[in-house]
Amino acid sequence: MQKLPKSFYLRNDVVKIAKELLGKILVTNWDNEYTAGRIVEAEAYAGEIDKASHASKGKTKRTSVMFEEGGTAYVYLCYGIHEMFNIVTNKNGIPHAILIRAVEPMEGIDIMLHRTGKKVFNETLTRGPGNVGKSFGFHRSQCGLSLQSDELYIADDGYKVDEKLIVASPRIGVDYAGEDALLDYRLYIKGNKFVSGKLR
DNA sequence: CGACCGATCGTCT
DNA sequence: GACGATCGGTCGA
């Protein structure tokens, strides 16, 4: 398994990067607790002009990591409860990010069950960004961490997603963003059980 | 199944 | 002081 190189994250087209992340493997290894899963759903947030993005409010204490060079983690607290994991992309000064919304577990399922307090393994374990954050042990203290680190990275095991199964749709929960809420910036693998929302 | 609602707190106004 | 890039439980059909 190869870690995706830093150059992968520094490119301009955040939607294209989000699409390429489908089928890649998310790995966290905090305190030697190894968990891994295949990314099956992601959403792109395209900088200051994107009203759905936190970066549209400008550079603040919370969003400053998005303005730094890509290839790092942006983790924030949502609704006071959920730790959400995003990948920062593009070069210094352009606040692009990709929210990982769903993952298909591959390794460390027992650890994920323990972290979430769930008793049985089913599709709700890593379905939706809040559940991904919990299962993989994300916390906002990890904000800014490099994706080249050994505790956190994205890997390619050679798996190829069938192009015909990749669907683009509007993002979820961003109705406040006006016309930007209509953009097809959400990408997912059609038919996968772990994809969130009603229509899979 | 769908609609509704409460939890819970950091961030920005 | 208001409001989320959400989730899971409950209630009713």
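The chains referred to below are lettered A, B, ... by the order of the sequence lines, with proteins before strands, and numbering in each begins at 1.
- Side-chain contact annotation: A:T63 with A:K57, donor-acceptor N/O pair under 3.5 Å absent.
- Between A:K190 and A:D162, none of the side-chain N atoms (NZ, or NE/NH1/NH2) sits under 4.0 Å from a carboxylate O, so this pair counts as no salt bridge.
- B:dC12 atom P lies 10 Å from atom NZ of A:K61, rounded to whole Å.
- Of the two residues near DNA chain B, A:R140 and A:I81, the one whose nearest nucleotide lies more 5' is A:I81.
- For the OP1/OP2 pair of C:dG8 and a distance below 4.0 Å, the side-chain nitrogens and oxygens of A:K118 include at least one atom meeting the criterion.
- Side chains of A:T35 and A:T28: a donor-acceptor N/O pair is present below 3.5 angstrom, by distance only.
- On the C1' atoms, C:dG8 is 22 Å away from B:dG10, given to the nearest whole Å.
- Rounded to a whole Å, the CD atom of A:E123 is 11 Å from the P atom of C:dG8.
- As rounded to whole Å, 19 Å separates atom P of C:dC3 from atom NZ of A:K51.
- Residue contacts shown for A:N131 are limited to sugar-phosphate atoms, with no base heavy atom under 4.0 Å away.
- Look at CD1 on A:I98: it is 14 Å from C1' on C:dA5, rounded to the nearest Å.
- The shortest distance between the side-chain N/O atoms of A:H54 and the OP1/OP2 oxygens of B:dT11 is not below 4.0 Å.
- Contact annotation for A:R171: no contact, since no heavy-atom pair falls under 4.0 Å across all strands.
- Stem list for DNA chain C (at least 3 consecutive Watson-Crick or G-U pairs, distances under 3.5 Å): B:1-7 with C:6-12, B:9-12 with C:1-4.
- When heavy atoms are screened at a 4.0 angstrom cut-off, A:G80 is found touching base atoms of the nucleic acid.
- Under 4.0 angstrom from either OP1 or OP2 of C:dG4 there lies no side-chain N or O belonging to A:Y76.
- With contacts defined as side-chain heavy-atom distances shorter than 4.5 Å, the pair A:V14/A:Y185 does not qualify.
- The shortest distance between side-chain heavy atoms of A:L4 and A:L21 falls below 4.5 Å.
- With hydrogens and angles ignored, no donor-acceptor pair closer than 3.5 Å exists between the side chain of A:H82 and the base of C:dA5.
- Stacking annotation: A:Y176 is not stacked on the base of C:dG4 (requires ring centroids less than 5.5 angstrom apart and an interplanar angle below 30 degrees).
- Remark: A:R127 is not in phosphate contact with C:dC7, judged by side-chain N or O atoms under 4.0 Å from OP1 or OP2.
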